[in-house]
Amino acid sequence: MGVFLQSLEEIAPGARITIYGAGNAGYRLRRRLRADRPDVDVRRYLDSRRSGAFDGLEMLALDGLEPPDPARDLILVASVHWPEMVEALEARGVTAFKVYDESIHLPADFGGIIQEERVRQLCLAAHYAHTLPGDLAEFGVATGASAAILAGIMKAEDGLGRPPRRLFLFDSFEGLPEATSDVDRDTPLVRSGAWGPGAFRVRSVERVLERITACGLGRERLVVTPGFFEASLARIPDDTRFSLAHVDCDLYLSALQVLEACFGRGLLVPGAMLLFDEWQATGADPELGERRAWAEAVERFNVRFSDVGEYSWHGRKFVVHGYDAAR
C-alpha cells in the first residue's frame with residue numbers, strides 16, 4: 001500500500017491520531033476530522049523540531065516521539081514538506097503513518113468550495129477597503145448575498161476601532177432592464193432570455209435589507225438607492241467617496257454606466273478595490289459584458305490600476321491607483 005491516505009474512511013474507528021504538521025494544513029486536517037470522522041481521537045501535533053502547544057493541543061518534537069502502536073495509533077502527515085517528513089519517520093522505523101494530501105480529499109460538497117472561496121475573497125477585499133478612506137458600494141444587489149458579506153465585515157471592523165463606514169446599495173429591485181445596446185443584444189445570455197427584462201427581480205426589498213443587516217449592522221448605515229442606473233447614479237452626492245465598489249451588473253451597458261459614474265465623478269479613492277462579479281459570465285469574451293465595459297473605461301479615463309487576480313471562478317478584481325476624472 002502507498003503512503004497516501006486515499007479516504008478518511010480508511011482510518012480505523014477509535015484510532016489515536018497524531019497530526020505531523022503544526023501549520024495551516026494540519027490545522028485544516030483537524031477540523032476535517034472533527035467534521036467527518038468524530039469517532040477518531042486527535043491527541044496531539046508533531047513537529048520536526050519544535051515542542052510546546054499548537055491549536056490547543058500538545059505539540060511534540062519528532063525527537064521525543066515514542067514508537068506508535070500500529071494497532072491503535074496513526075500519524076497523519078499534513079504539510080507541503082511531506083517528502084522530508086516521511087523520510088524522517090521511516091528513518092526512525094515508524095510505519096504507522098499516512099500522508100494526507102488535500103488535493104485528494106476534496107469535500108463532497110464541491111459547490112461549497114466555490115462559495116467559500118467567493119466569500120473569502122470578498123471578506124479580504126472589504127477588510128482591505130477599511131484601511132482606506134471612503135464607504136463601500138454595491139452596484140447590483142439582487143437578493144443581498146454579497147451585500148450581507150460586506151455588512152458583516154463592516155460590523156466586524158467596528159470592533160477593531162475602525163471609523164464607521166456606510167454601505168451604498170444600487171439596484172432597480174425590478175430585475176434587469178431591457179437590453180438596449182447592440183453589445184448586450186449580442187450576448188448569448190440575453191439572446192437565450194436568461195438575462196431578459198425582469199430577470200433577478202426581488203419580491204421583497206424589505207426582506208433583502210433584513211438579510212443584509214442580520215449581522216447586526218444598523219439599518220442607518222445602509223444608503224439604498226433604488227432605480228435603474230441611468231437615473232439612480234445621478235443621485236449620488238458629490239462628496240461621496242468609495243474605497244470598494246462591487247460591480248454585479250451583468251449587462252455591458254449597466255456596467256459601463258457604473259464605471260462612468262465612478263471615474264467620471266471621481267468617486268473612487270486612490271487604492272480603491274474594484275470587483276467584477278460577472279467577469280466570466282459571457283464566456284470570458286472581451287467584447288462583451290463587464291470585460292468590455294472595463295476596457296472602455298480604462299481607455300476613456302486613463303485608469304491606472306493593478307490587476308490583483310481572480311475573484312472566485314467567475315470574477316476579477318483590480319486596485320485603482322488613479323484616473324482622469326471628468327467632473
Side-chain angles (χ1 to χ4, degrees), residues 118 122 125 135-147 150 167-202 205 208 212 223-236 240 242 244-268 272-301 303 305 311-312 314-318 320 323 325-326:
R118 180 176 182 275
L122 193 52
D135 295 309
L136 286 68
E138 180 167 51
F139 301 92
V141 179
T143 61
S146 299
L150 295 175
L167 179 57
F168 283 70
L169 303 172
F170 300 89
D171 200 295
S172 70
F173 299 108
E174 297 177 12
L176 294 180
E178 181 179 358
T180 57
S181 79
D182 290 339
V183 173
D184 285 326
R185 290 195 188 103
D186 195 40
T187 298
L189 289 168
V190 172
R191 294 201 308 266
S192 70
W195 282 3
F200 313 117
R201 180 186 181 93
V202 173
V205 177
V208 171
I212 294 170
V223 182
V224 183
T225 307
F228 291 111
F229 294 148
E230 60 187 12
S232 65
L233 297 176
R235 302 203 296 273
I236 302 175
T240 303
F242 298 134
L244 179 147
H246 186 258
V247 182
D248 190 1
C249 299
D250 301 339
L251 299 177
Y252 152 79
L253 184 57
S254 297
L256 184 62
Q257 290 168 340
V258 168
L259 295 175
E260 286 176 339
C262 287
F263 294 127
R265 297 182 57 193
L267 300 178
L268 298 180
M273 181 72 73
L274 185 60
L275 301 100
F276 292 96
D277 190 78
E278 298 293 345
W279 190 256
Q280 312 284 33
T282 54
D285 190 333
E287 296 300 317
L288 300 174
E290 293 175 353
R291 282 175 172 254
R292 177 164 180 162
W294 170 246
E296 292 183 4
V298 167
E299 181 176 2
R300 177 177 172 185
F301 296 102
V303 181
F305 66 91
Y311 166 40
S312 191
H314 51 74
R316 200 80 187 173
K317 59 185 187 293
F318 302 87
V320 176
Y323 51 93

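This is a predicted model, so every value here is computed, not measured. One-based numbering along the sequence shown.
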Quiz prompt | Y323 and its ring pair (Phe, Tyr, Trp, His ring centres under 6.0 Å) partner, picked from F318, F305, F301, F263 | solution =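 Only one option passes, and that is F263.
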Exercise. Begin from the C-alpha positions of D285 and T187 and carry the test side-chain contact (heavy atoms from CB on, under 4.5 Å) through to its verdict.
Key: CA-CA 9 Å; D285 190 333; T187 298; over 6 Å; no
Quiz item: For the residue pair F276 and W294, is the inter-centroid distance of their aromatic rings smaller than 6.0 Å?
Solution: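 Centroid separation for F276 and W294: below 6.0 Å.
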Nearest-0.5 Å distance, [atom1] of residue [X] to [atom2] of residue [Y]:
{"X": "T240", "Y": "L268", "atom1": "OG1", "atom2": "CG", "value": "11.5 Å"}
{"X": "D171", "Y": "S232", "atom1": "CG", "atom2": "OG", "value": "8.5 Å"}
{"X": "H246", "Y": "L167", "atom1": "NE2", "atom2": "CG", "value": "11.0 Å"}
{"X": "F139", "Y": "L169", "atom1": "CZ", "atom2": "CG", "value": "10.0 Å"}
{"X": "T282", "Y": "L189", "atom1": "OG1", "atom2": "CG", "value": "8.0 Å"}
{"X": "E278", "Y": "Y311", "atom1": "CD", "atom2": "OH", "value": "9.5 Å"}

Under 3.5 Å, side chain of [X] to main-chain N/O of [Y], donor-acceptor pair present?
{"X": "R191", "Y": "R185", "value": "no"}
{"X": "S172", "Y": "E174", "value": "yes"}
{"X": "R291", "Y": "Q280", "value": "no"}
{"X": "D184", "Y": "L253", "value": "yes"}

State, to 0.1 Å, how close [X] and [Y] come at their nearest heavy-atom pair, and which atoms those are.
{"X": "A255", "Y": "A293", "value": "CB-CB, 3.8 Å"}
{"X": "E287", "Y": "V183", "value": "O-CG1, 3.6 Å"}
{"X": "P188", "Y": "L288", "value": "CD-CD1, 4.0 Å"}
{"X": "S146", "Y": "E138", "value": "CB-OE2, 3.0 Å"}
{"X": "F242", "Y": "A272", "value": "O-CB, 3.7 Å"}
{"X": "Y252", "Y": "S181", "value": "CD2-OG, 3.7 Å"}

Quiz prompt | Worked verdict on V202 versus V141 for side-chain contact (heavy atoms from CB on, under 4.5 Å) | solution = CA-CA 9 Å; V202 173; V141 179; over 6 Å; no
Quiz prompt | Residues E296 and R300 bridged, charged N to O under 4.0 Å | solution =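 Answer for the salt bridge query: no.
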Quiz prompt | side chain to side chain donor-acceptor pair (under 3.5 Å) partner of D277, the single match among K317, R118, R316 | solution =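 Between D277 and the candidates, side chain to side chain donor-acceptor pair (under 3.5 Å) is satisfied uniquely by R118.
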Heavy-atom distance under 4.5 Å between the side chains of [X] and [Y], does that happen here?
{"X": "W195", "Y": "F200", "result": "yes"}
{"X": "T225", "Y": "I236", "result": "no"}
{"X": "S254", "Y": "L176", "result": "no"}
{"X": "L251", "Y": "P177", "result": "yes"}

